[in-house]
K.L.:
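I have a structure here, written as structure tokens, and I will follow up with some questions on it.
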Amino acid sequence: EVFTALADLQELLNTEAVLIHSLENYIRAEELKIDLLKRYADIYNKQHNKATEDVESYVANPLNAYTLVKRMTTDWQEVESLITTDVSKDYMANISYAKENMKFPTDEDLNGAAAAVIRLQDTYRLDTASLARGELNGVKYSSELTAADCFELGRQSYNNGDFYHTLLWMREADERLSREQNKTVDKGEILEYLAFSTYKEGNINLALDLTNKLLEMVPTHERAKGNKVYYEEEIQKGSYKKKGDDETDDIITNEGHDTPNPDRERYEALCRGELTLPDELVSKLKCRYVTNNNPYLLIAPFKVEQAHISPDLFIFHDVMSDAEIKTIKTLATPKFRRATVQNSVTGQLEIAQYRISKSAWLEEDEHEHVAAVNKRVEDMTGLAVATAEQLQVVNYGIGGHYEPHFDFSRKDEVNSFKSLGTGNRIATVLFYMSDVEQGGATVFPVIGTALWPKKGTAAFWYNLFPSGDGDRLTRHAACPVLAGSKWVSNKWIHERGQEFLRPCTLERPPDDLTI
Ligand SMILES: O=C(O)CCC(=O)C(=O)O
Ligand SMILES: [Fe+2]
């Protein structure tokens with residue numbers, strides 16, 4: 001699929017260029033054909049009119065007799081053959097070529113892209129009308145959505161059993177349709193979705209009103225007729241309680257589509273930048289130059305900012321150059337695969353809606369820039385990278401995200417690190433390889449911290465206590481990207497090899513901090 005990474009979506013534009021070009025060629029070919037036929041018709045008309053002025057003397061002329069017969073035999077065959085010439089063949093050949101050899105989106109992509117818009121709408125609390133106007137958080141980006149675009153978002157939500165968003169988008173489609181000069185969708189279809197979703201959301205009276213409206217427009221609508229009878233019977237039975245007249249607004253503002261979940265709310269508030277650390281904690285955070293007793297670093301020490309204390313989160317500035325970023329992106333792009341997650345029960349890697357991005361692993365000896373970055377991780381952290389995983393490069397597409405998770409493997413999990421023989425993921429270094437226009441923060445919901453991507457910086461934290469127990473406060477997530485492209489690289493450092501660099505202790509942290 002292509003919707004999971006922006007790098008792939010860029011390629012779609014190349015495919016679209018081929019489609020547009022082929023379509024234009026096809027139109028030109030059809031136009032040429034019609035022009036030619038018009039010319040024939042013109043000539044026939046002229047000759048024919050001349051003949052009918054004086055039929056007898058016309059056919060009396062042997063040359064006229066000859067041309068009349070010729071017109072209706074060989075000439076006419078040419079007309080027929082022109083009419084039956086299929087100029088769509090070249091066009092179809094181009095399209096098949098594009099479909100086979102170029103990136104082409106599927107229905108699954110459409111579903112994923114629509115789900116991403118809905119996710120962004122929820123996480124960033126975007127209002128439907130503004131979104132349809134092409135505004136993201138007050139910033140106007142793309143051109144507007146048509147009634148048909150909104151209708152499709154509603155239809156996709158409906159297919160996912162999400163009637164709350166079906167209503168939001170069908171209402172928007174209806175609103176837009178009323179203002180459209182060239183109607184892009186059928187009002188009856190909108191009404192049908194609106195009526196049924198309204199019923200599903202529990203407002204049977206309004207569902208009946210909408211169905212009646214639909215029947216006024218299309219009195220023969222079989223499904224609507226059936227539903228009307230059903231709704232009327234249900235209302236008769238009184239199994240649905242009547243609501244007031246302004247129930248329309250009731251449904252829209254009723255956010256009961258999700259049961260309240262405080263963790264989720266904290267995560268989303270952090271993504272929106274609404275939760276920040278208290279001032280007394282921020283005042284304790286320091287910035288410093290770090291040399292880690294490394295003579296090379298005396299000349300160019302790392303600029304390190306502390307983003308949280310206990311667990312300690314550090315931000316290293318300017319630790320990946322533009323040239324390195326370019327190399328790493330170029331090496332990773334052809335290797336991209338949909339990012340997987342490990343099923344904690346089976347241990348299998350699988351794709352999941354909660355992690356949407358594309359990722360690739362880069363080996364140290366693929367390029368000197370990869371080796372340099374690995375070495376830098378060692379200098380930054382003072383830990384050994386010989387037992388670390390390869391560099392993982394990640395690109396997030398529309399609404400791409402990674403929901404709250406731990407980077408380390410928990411005690412109760414079937415874990416794939418066992419086979420590596422290098423122990424658990426003791427620490428994470430997360431390089432930001434792009435700025436992100438809007439959204440895309442890395443957030444730590446338990447400690448209430450958000451890190452905002454800045455090209456060339458890296459975040460570093462320990463996932464494990466010195467005892468080897470996992471630190472539950474390191475739970476973190478990648479918020480959905482609202483606008484822009486997000487690129488990161490992960491370097492996961494393992495326990496083996498750090499025995500003298502970060503000696504383990506027998507002292508255990510309190511139970512409520514571990515997992
Ligand atoms: O992209 C981010 O901000 C975080 C990514 C992450 O947590 C991961 O890949 O494990
Ligand atoms: Fe992570």
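In each ligand, atom 1 is the first atom listed, and ligand 1 is the first ligand listed.
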K.L.:
Taking all non-hydrogen atoms of both residues into account, name the closest pair between L145 and W169 and its distance.
P.N.:
CD1-CZ3, 3.9 Å
K.L.:
Side-chain contact, heavy-atom cut-off 4.5 Å: V394 with Y402?
P.N.:
no
K.L.:
On a heavy-atom basis, which atom in N94 and which in S22 lie closest, and how many Å separate them?
P.N.:
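In terms of heavy atoms, the two residues are closest at CB-OG, 3.4 Å.
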K.L.:
Side-chain donor-acceptor pair under 3.5 Å between S157 and N160, yes or no?
P.N.:
no
K.L.:
Judged by non-hydrogen atoms, does V488 sit under 4.0 Å from ligand 1?
P.N.:
yes
K.L.:
For atom 5 (C) of ligand 1, what's the nearest protein heavy atom and its distance?
P.N.:
Y396 OH, 3.4 Å
K.L.:
For S467 and P509, work out which heavy atoms get closest and say how close.
P.N.:
OG-CD, 3.3 Å
K.L.:
Please report which non-hydrogen protein atom sits nearest to atom 2 (C) of ligand 1, along with the residue it belongs to and the distance in Å to one decimal place.
P.N.:
K486 NZ, 3.2 Å
K.L.:
Check N490 against ligand 1 and report side chain, backbone, both or neither, counting heavy atoms closer than 4.0 Å.
P.N.:
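The answer is the side chain.
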K.L.:
Can you tell me which portion of W492 lies within the under-4.0 Å heavy-atom range of ligand 1? Options are side chain, backbone, both, or neither.
P.N.:
side chain
K.L.:
List the atom of W452, the atom of L270, and the distance in Å for their closest heavy-atom pair.
P.N.:
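Smallest interatomic distance, heavy atoms only, reads CZ2-O, 4.0 Å.
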K.L.:
Check ligand 1 against Y402 and write out every atom of the ligand that is under 4.0 Å from a heavy-atom position of the residue.
P.N.:
6 (C), 8 (C), 9 (O), 10 (O)
K.L.:
Tell me the protein N, O or S atoms under 2.8 Å from the Fe ion (ligand 2), in chain and number order.
P.N.:
H405 NE2, D407 OD1, H476 NE2
K.L.:
If you measure from each non-hydrogen atom of D407 to ligand 1, which part falls under 4.0 Å: side chain, backbone, both or neither?
P.N.:
side chain
K.L.:
Looking at E364, is its backbone amide N or carbonyl O close enough to the side chain of Q390 to form a donor-acceptor pair, meaning the two atoms are under 3.5 Å apart?
P.N.:
no
K.L.:
Is it the case that the ring center of H308 lies less than 6.0 angstrom away from the ring center of W461?
P.N.:
no
K.L.:
Does any N or O of ligand 1 fall below 3.5 Å from an N or O anywhere on Q392, backbone included?
P.N.:
no
K.L.:
Need the ligand 1 atom indices (1-based, order shown) with element for anything under 4.0 Å from a heavy-atom of A478.
P.N.:
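In order of number, 1 (O), 2 (C), 3 (O), 4 (C).
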K.L.:
Got a donor-acceptor contact below 3.5 angstrom from the K491 side chain to the E389 backbone?
P.N.:
yes
K.L.:
Side chain, backbone, both or neither: which part of R355 has a heavy atom under 4.0 Å from ligand 1?
P.N.:
side chain
K.L.:
Below 4.0 angstrom, N of the basic side chain to O of the carboxylate: do E172 and R176 qualify?
P.N.:
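So E172 pairs with R176 through a salt bridge.
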K.L.:
N111 side chain to D109 main-chain N or O, any donor-acceptor pair under 3.5 Å?
P.N.:
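Not confirmed, N111 side chain does not pair with D109 backbone.
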K.L.:
Which distance, rounded to the nearest 0.5 Å, do you find between the CZ of R272 and the OH of Y267?
P.N.:
11.0 Å
K.L.:
I need the nearest protein heavy-atom contact for atom 3 (O) of ligand 1: residue, atom name and distance, please.
P.N.:
T442 OG1, 2.5 Å
K.L.:
Hey, which atoms in ligand 1 end up nearer than 4.0 Å to a heavy atom of H405?
P.N.:
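In order of numbering, the contacting atoms are 6 (C), 7 (O), 8 (C), 10 (O).
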